[in-house]
Protein chains: 4
Amino acid sequence: MKNTKPKFNQIIDAAVEVIAMNGYHSSQVSKIAKKAGVADGTIYLYFKNKEDILVSLFQEKMGQFIERIEQEIAEKNNAEEKLLELIQLHFRQLGANLPLAIVTQLELRQSNPDLRKKINDVLKRYLTVIDSIIEEGIEEKLFQENLNKKLVRQMIFGTIDETVTNWVMKDHKYSLVGQAEEVHELLVNGISKR
Amino acid sequence: MKNTKPKFNQIIDAAVEVIAMNGYHSSQVSKIAKKAGVADGTIYLYFKNKEDILVSLFQEKMGQFIERIEQEIAEKNNAEEKLLELIQLHFRQLGANLPLAIVTQLELRQSNPDLRKKINDVLKRYLTVIDSIIEEGIEEKLFQENLNKKLVRQMIFGTIDETVTNWVMKDHKYSLVGQAEEVHELLVNGISKR
Amino acid sequence: MKNTKPKFNQIIDAAVEVIAMNGYHSSQVSKIAKKAGVADGTIYLYFKNKEDILVSLFQEKMGQFIERIEQEIAEKNNAEEKLLELIQLHFRQLGANLPLAIVTQLELRQSNPDLRKKINDVLKRYLTVIDSIIEEGIEEKLFQENLNKKLVRQMIFGTIDETVTNWVMKDHKYSLVGQAEEVHELLVNGISKR
Amino acid sequence: MKNTKPKFNQIIDAAVEVIAMNGYHSSQVSKIAKKAGVADGTIYLYFKNKEDILVSLFQEKMGQFIERIEQEIAEKNNAEEKLLELIQLHFRQLGANLPLAIVTQLELRQSNPDLRKKINDVLKRYLTVIDSIIEEGIEEKLFQENLNKKLVRQMIFGTIDETVTNWVMKDHKYSLVGQAEEVHELLVNGISKR
DNA sequence: AATGAATGAGACTTCATTCAT
DNA sequence: GATGAATGAAGTCTCATTCAT
């Protein structure tokens, strides 16, 4: 299965490396082709245009990312545990793959609106996972029943996202996954004293 | 006073409009000049280069933005009220200025590392405001004493930022400031039932 | 062999023609590309930038120029004959190629310091040839033994160069090579009566 | 007399300094105006355009230069002495004014054909001085009678010019005027042994 | 006479994409 | 399928010159 479309994956992996190392604006198609060990023209046999490389990259990498989260979460017993697992997996997967983290947190955000829209389509699946945890938590009476679900989702995603971005931008020398429990605790219980 | 450096502000305001309407990558200097009603070359009497327009734009607009928040917050009595005020002002100011919101939430993030660094320098002042609210809250025994302040700041900023971004991207037809109290409640008390 | 790097030579030849006809300051890259029958961008597959076209032009043309002089001179028997041959070849080669003469005598001197430095590096080889003739002449007791070699070189080169420049600027209707013997005679014996 | 058109001379002197220090291509009108202590627009009250500054500069400075040579030469008794005096004065005047030497030997040669043509008009007066020395030398039977006068002039001017250019470009640490006698000797008697 | 803010034409270079081999 | 040489559109910035004050 992995050997299906070997060039396709070769090119996507090259793109991640090149963008992480050089930044989005210095990642010309020719540079990606060189890193992938193919000719410039070959790229266009597998991708419609440059933007399509990036969209595919995101679909491919985030697809696996989300899939794994969906699987692992299914095994947890309640919404709180699922939320913790989601945070931990999010942090673990990006924390173990700095180039990918750089690309998703920083470089891909410099893209044009069209691309960003397509990236958001991929993200929707992830946001749906968060939504279902929230709903489950409410059903389980773990979470407040009158929560504004959309806002909660934004808080969860915004906090996770900002935490990863900070880790990538600042130092990424401390353990990202080591912060999962604290982040979870904050999201669940807030900052105020009871 | 407003008549000081009229061209300077003219150009910055034109830049916000042009970028909000056309997107960062379609905002040529000539387009900004035309909207500002000046010649292309005039831009370079007031700005070192194109990037300098954007940095100045951010400094100018976010400077005012943050200044106002600092002032209004000073009048509040405790950390909780200050946090609510910060969220409300953040939402109110961007909610009342869609072009500026588009530029700060979407378009300016497509910029190169140099520009992003300078933007972050401006943001630092805002993050410092958040930090001081957190510290005050702990001193006032309103917030938990063993909070990881950096994580808390990331949660607060990440949540606010994600909320604004969603408002800008999705519909921006509902009231942004109308969500301030709920967001505040979530940040303070979390999502769990007591 | 001539078909090696055909585009490279195509572009250099086009550059000579365009510069000779329009002058250095009116010789846009696009004009050179058009004359060479290639797209503007193609220029940059063969040259680093515009200046590199000019440096390469000088290296290529003067390289051949000097090489030919070195070869022909080697066959002459003494310093005086060698000097005459050098003058004749210098005049013959430039006299037979007015565009090249215009470019080397007039247009290329309007370039910036960087370019001039590189041009001087190429010229050094030519000056070395003159130096060795002077030394040989002294050894052969044809020339005075206590000559200030550097000054002599300056006289020889200055005279030749000024003669070509005059020919190019004024009329270039008389034969340049026809003046070689007289120039040689002047350099060797001076202007005074014995 | 010196106080006539003080701005005119102020600007010309500023131009020499600015061009000598920054090079021709970095010598914008605004830079010259600043050095001269006048506004940009003021330049255009005294000069038709930028080129006119340079032409005037050359006329003014070379005018004085040639005038002095004409005067001093008149006092010499024969062509040989006059030639020596001309070389000495040429070297002395430029050797004592490095900025002027830089401008005339290097920077002004980067100008466009129009300017160069006007510069040559100024030079003609100098070349006429050389011509009359040659003619006098022939009449006095000091120089050979069948000399090609134009070639001789080119040799004399080319040699002097090349010597000054070398002095300016290389080191200009040795005395330029110290080479006058040797240069004179070479021009008069050539390089060959009798 | 003097100012200097404003003008705007003009050119080099990059790079995504194509297509003949 | 694979190549990579060639394409050409497009945008930032400079600077000589003007003209209202």
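Just so it is clear: chains get the letters A, B, ... in the order the sequence lines come, proteins before strands, and each one is counted from 1. The model shown is predicted, which means the values in this text are computed figures rather than measured ones.
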ring-ring contact (aromatic ring centres under 6.0 Å, His included): pairs with one or both residues in residues 29-51 of chain C, sequence neighbours excluded: C:Phe8-C:Phe47
In whole angstroms, how far is the C1' atom of F:dG4 from the CD1 atom of A:Ile43? 12 Å
Nearest-nucleotide comparison on DNA chain E, the residue closer to the 5′ end among C:His25 and B:Ala39: B:Ala39
Residue pairs meeting salt bridge (charged side-chain N to carboxylate O under 4.0 Å, His left out), one or both in residues 37-49 of chain A, sequence neighbours left out, come to none
Could you tell me the separation between the NZ atom of B:Lys48 and the C1' atom of F:dT12, rounded to a whole number of Å? 15 Å
More 5' along DNA chain F: C:Thr42 or B:Ser30, using each one's nearest nucleotide? C:Thr42
Verify, without hydrogens or angle tests, whether D:Asn49 (side chain) and D:Asp52 (backbone) share a donor-acceptor contact under 3.5 angstrom. yes
Mind checking whether B:Lys61 and B:Asp13 have side chains closer than 4.5 Å, heavy atoms only? yes
In this structure, are over 12 heavy atoms from other groups packed under 6.0 Å from A:Met169 atom CE? yes
Can you tell me how far P of F:dG11 sits from CG of C:Asp40, to the nearest Å? 16 Å
Figure out the CD1/C1' separation between A:Ile11 and F:dT3, and round it to whole Å. 13 Å
Over all strands shown, is A:Phe47 touching base, sugar-phosphate only, or nothing at heavy-atom distances under 4.0 angstrom? nothing
Closest to the 5' end of DNA chain F, once C:Val38 and D:Ser27 are matched to their nearest nucleotides, is C:Val38
Using the heavy-atom set of chain B and a strict 4.0 Å cut-off, write down the first and last nucleotide of DNA chain E that makes it in, 5' to 3'. E:dA6 to E:dG8
Donor-acceptor contacts, no H, no angles, side chain residues 27-36 of chain A, under 3.5 Å, sequence neighbours left out:
| unit_1 | atom_1 | unit_2 | atom_2 | d |
| --- | --- | --- | --- | --- |
| A:Ser27 | OG | A:Gly23 | O | 2.7 |
| A:Lys31 | NZ | A:Ser26 | O | 2.9 |

Flag side-chain contact, heavy atom, 4.5 Å: D:Met62 against D:Ile119: no
Counting C-beta onward and ignoring hydrogens, is there a side-chain heavy-atom pair between C:Lys118 and C:Leu54 closer than 4.5 Å? no
On DNA chain E, compare the nucleotides closest to D:Gly37 and C:Gln28; which residue's is nearer the 5' end? D:Gly37
Nearest-Å distance for atom pair NZ/C1', residues D:Lys50 and F:dC15: 8 Å
N/O donor-acceptor pairs under 3.5 Å from side chains in residues 100-109 of chain A, not counting sequence neighbours:
| unit_1 | atom_1 | unit_2 | atom_2 | d |
| --- | --- | --- | --- | --- |
| A:Thr104 | OG1 | A:Leu100 | O | 3.2 |
| A:Thr104 | OG1 | A:Ala101 | O | 3.3 |
| A:Gln105 | NE2 | A:Asp161 | O | 3.4 |
| A:Gln105 | NE2 | A:Asp161 | OD1 | 3.0 |
| A:Gln105 | NE2 | A:Thr165 | OG1 | 2.8 |
| A:Glu107 | OE1 | A:Tyr24 | N | 2.8 |
| A:Glu107 | OE1 | A:Gln110 | NE2 | 2.5 |
| A:Arg109 | NE | A:Thr104 | O | 3.2 |
| A:Arg109 | NE | A:Gln105 | O | 3.2 |
| A:Arg109 | NH1 | A:Asp161 | OD2 | 2.9 |
| A:Arg109 | NH2 | A:Asp161 | OD1 | 2.9 |

D:Leu115 has an atom CG; how far is it from atom P of F:dA16, in whole Å? 14 Å
Atom CD1 of B:Ile32 to atom P of F:dG11: distance rounded to whole Å? 12 Å
Strand DNA chain E as a dot-bracket string - pairs counted if Watson-Crick or G-U with both distances under 3.5 Å, | where the partner lies in another strand: .||||||||||||||||||||
